[in-house]
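One structure is given below, encoded as structure tokens.
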There are 2 protein chains.
Amino acid sequence: MTSGEPAGPEHRASKGHAALAYDRIRQAIVEGAYGPGDRLVEQRISEEFSLSRTPVREALRRLESEGLVVFRRNRGAAVRYLSADDVRDLYELRARLESYAAELASVRGTIRSYDAMDEAAEQFERQVGRSGDVVIAQDDRVRALSDTNNRFHQTIVAAAGHERLSQMLASAVDVPLVFQALRGFERSELQRSAEFHRMTAHAIRRGEGARAGRLMSEHILLGRDRLMEDLERGEGARAGNASE
Amino acid sequence: MTSGEPAGPEHRASKGHAALAYDRIRQAIVEGAYGPGDRLVEQRISEEFSLSRTPVREALRRLESEGLVVFRRNRGAAVRYLSADDVRDLYELRARLESYAAELASVRGTIRSYDAMDEAAEQFERQVGRSGDVVIAQDDRVRALSDTNNRFHQTIVAAAGHERLSQMLASAVDVPLVFQALRGFERSELQRSAEFHRMTAHAIRRGEGARAGRLMSEHILLGRDRLMEDLERGEGARAGNASE
DNA sequence: CGGGAACAGATTGTATGCAAAGCTGGCTCG
DNA sequence: CGAGCCAGCTTTGCATACAATCTGTTCCCG
């Protein structure tokens, strides 16, 4: 569900308080509990989580380096605000990076990683099929879809076997946006996404890297287009509203 | 080592101790004072810089997020070790990112940014011209060359006007490698680099983004080839030992 | 009545203390 | 003679205390 950390059992003590704070703050941002521009006061958060400021601070700086949060000297952290232009840029960057990942995956991936990729693609398809007729509004559905979608993309990134690339993608994907985007998708769009997943996975497995890269890029840019429509219409909860 | 940073209790409030520690540690790694695998013990570093452990720790985590340093839980930080394969991957990634930056710069750059770009390219050329016949061994020369080279590349990235991209490149460039690479360059290779700088800058200014991107990519991949030769021939100071 | 200096509250940035997790080396026991 | 274990030291991770900086407001003076 969250990206990056290897999915271990839920041992709170074994993870370290800083990592814990990181997970929780990140999730709060991704799901919109903290909106863009909200200040993240260390004292308040540390009380909320029953920790000291030190690990909270560490988590915040880590989130800063991933681009979810901005720091201003002596003024602390706030959830990053993204303009429509920022979103456009971010998606285009992501398209390039993930296209590259798809190319690499087609060369370096193992059979097992391909199987995992297909499995995620199939599950996504099933979830789309099961979802309601027009718009899937229920948060749980969106979350499940988002998780499966992330899993598909991350499987490919993992198959690419490029650690730094995977690290970068974690910060380029900007999960809040993906979450938002999926919420607005209509069923036909979800089906198209599922189809792109299938085609991309197929190309990767066959070793056709360039094709896989183009498909992946197109897939992501289609997502961008859809999201930009929403943002320009003004209903994005995360961007587009510039007033305090 | 450092040319002029005050280390005493007298300090400017404008920078913050954490940022200072970051700069100094980073420079030490880039120039090889700390080699790959060296442990970075917080206590020792904080004494060295007359600071407390807190800002040092913060600096180390920032360096971790940039990929120069690795943390292992309860064992602290160490300078990251890069295998030859890692270096290859890193350069290819950098090529893609900076190629994209060049494309963007050709569309978004201002006249002023183009002038700065040319200025850096010209200075690089002058410095190459002035340097010794075969191999420039002197650290000062290498450092000057490295600075100018970085300035050229960073000018383009800045002209691209894509904050996240620029942030990513900061961590993809892995300055120690560039430093090492330049040290091994022969004069003819430096001249070729200078020429690529000129051609790339020209393409950017004329708005030929695709060309600029290809040139930039090629320029970086040439650098990669040269560096890989060095690494394979003997262990470069930074890579060569494969144990975990 | 308006501008600005200074004060107060809030919040970050830095320093230090303390407990727990790792590592090292030596000792004991098989 | 070797292997395993225990003790002590090192170093991190977290908590807390303190100092520096910023923001907003009030009050004084022109």
Side-chain angles (χ1 to χ4, degrees), chain A residues 4-6 8-26 28-29 34 37-65 68-81 243-244, chain B residues 5-26 28-29 34 37-65 68-81 243-244:
Chain A
E5 294 303 323
E10 262 191 29
H11 292 310
R12 296 161 90 190
S14 74
K15 258 200 140 189
H17 295 185
L20 208 109
Y22 168 82
D23 286 343
R24 293 190 57 176
I25 299 173
R26 183 183 173 99
I29 295 176
Y34 297 139
D38 286 1
R39 290 188 62 189
L40 300 169
V41 179
E42 296 171 5
Q43 179 74 38
R44 187 175 51 72
I45 296 179
S46 63
E47 282 167 9
E48 216 165 298
F49 297 172
S50 305
L51 297 172
S52 81
R53 277 178 51 210
T54 312
V56 171
R57 188 177 174 78
E58 196 168 307
L60 288 174
R61 299 228 86 122
R62 192 163 151 206
L63 288 164
E64 180 200 22
S65 80
L68 286 175
V69 154
V70 289
F71 264 73
R72 292 175 59 186
R73 177 167 172 77
N74 287 323
R75 287 228 211 139
V79 179
R80 175 174 210 141
Y81 164 79
S243 59
E244 295 90 308
Chain B
E5 279 315 323
E10 201 69 43
H11 48 261
R12 281 272 151 95
S14 66
K15 259 231 153 175
H17 294 184
L20 212 113
Y22 168 82
D23 286 342
R24 294 192 57 175
I25 299 173
R26 182 182 174 97
I29 295 175
Y34 298 138
D38 285 1
R39 290 189 60 190
L40 300 169
V41 179
E42 297 171 5
Q43 180 74 35
R44 187 175 50 73
I45 296 179
S46 62
E47 281 167 9
E48 217 166 294
F49 297 171
S50 307
L51 297 172
S52 80
R53 279 177 50 213
T54 312
V56 171
R57 190 178 174 76
E58 194 168 310
L60 288 174
R61 300 230 86 122
R62 191 164 150 204
L63 288 165
E64 181 200 21
S65 80
L68 286 175
V69 155
V70 289
F71 263 74
R72 292 176 60 185
R73 176 164 174 80
N74 285 324
R75 291 179 80 196
V79 179
R80 176 174 208 139
Y81 160 80
S243 62
E244 188 190 355

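Proteins come first, then strands; the chains are lettered A, B, ... in the order of their sequence lines, and each starts at number 1.
- Atom CD in A:Glu47 sits roughly 13 Å away from atom P in D:dA15 (whole-Å rounding).
- The interatomic distance linking A:Leu40 (CG) with C:dG13 (P) rounds to 13 Å, in whole Å.
- One can place CD of B:Gln43 at 15 Å from P of C:dC18, the figure rounded to the nearest angstrom.
- In this structure, the nucleotide among C:dT11, C:dT14, D:dT12 sitting nearest to the side chain of A:Arg39 is C:dT11.
- Looking at the side chain of B:Ser52, the nearest of the listed nucleotides C:dT16, C:dG13, D:dA15 is C:dT16.
- The pair A:Arg62-B:Glu64 fails the salt-bridge criterion, with no side-chain N (NZ, NE, NH1 or NH2) lying under 4.0 Å from an Asp/Glu carboxylate O.
- In terms of heavy atoms, B:Phe71 sits closest to B:Ala77 at CE1-CB, 3.6 Å.
- In this entry the distance linking CZ of A:Phe71 with P of C:dT11 reads 15 Å, nearest Å.
- The nearest pair of heavy atoms linking B:Ile29 to B:Val69 is CD1-CG2, 3.8 Å.
- One interatomic measurement links the two molecules: CZ of B:Arg53 to P of C:dC18, which rounds to 14 Å at whole-angstrom precision.
- Listed pair B:His17 / D:dA20 fails the phosphate criterion, with no side-chain N or O lying under 4.0 Å from OP1 or OP2.
- Comparing B:Thr54 and B:Ala77 by the nucleotide of DNA chain D whose heavy atom lies nearest to each, the residue mapping closer to the 5' end is B:Ala77.
- The side chain of A:Arg73 lies closest to C:dG13, out of C:dT12, C:dG13, D:dA15.
- Map B:Gly76 and A:Pro55 each onto its nearest nucleotide of DNA chain D; the residue landing nearer the 5' end is B:Gly76.
- The CD1-P distance, from A:Ile45 to C:dT12, rounds to 9 Å in whole Å.
- Atom C1' of nucleotide C:dG13 and atom CG of A:Asn74 are separated by 7 Å, given to the nearest angstrom.
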_Walk me through whether A:Arg57 and B:Glu58 qualify under side chain to side chain contact (heavy atoms under 4.5 Å, CB included)._
CA-CA 9 Å; A:Arg57 188 177 174 78; B:Glu58 194 168 310; 3.4 Å; yes
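- Considering only side-chain atoms of B:Arg75, the nucleotide from D:dG13, C:dG22, C:dT12 that sits closest is C:dG22.
- Contact check for A:Arg61 versus B:Arg61: no side-chain heavy atoms found under the 4.5 Å cut-off.
- Between B:Arg57 atom CZ and C:dT16 atom P the separation is 17 Å, expressed in whole Å.
- Heavy atoms of A:Glu42 sit under 4.0 angstrom from primed sugar atoms or phosphate atoms, though from no base atom.
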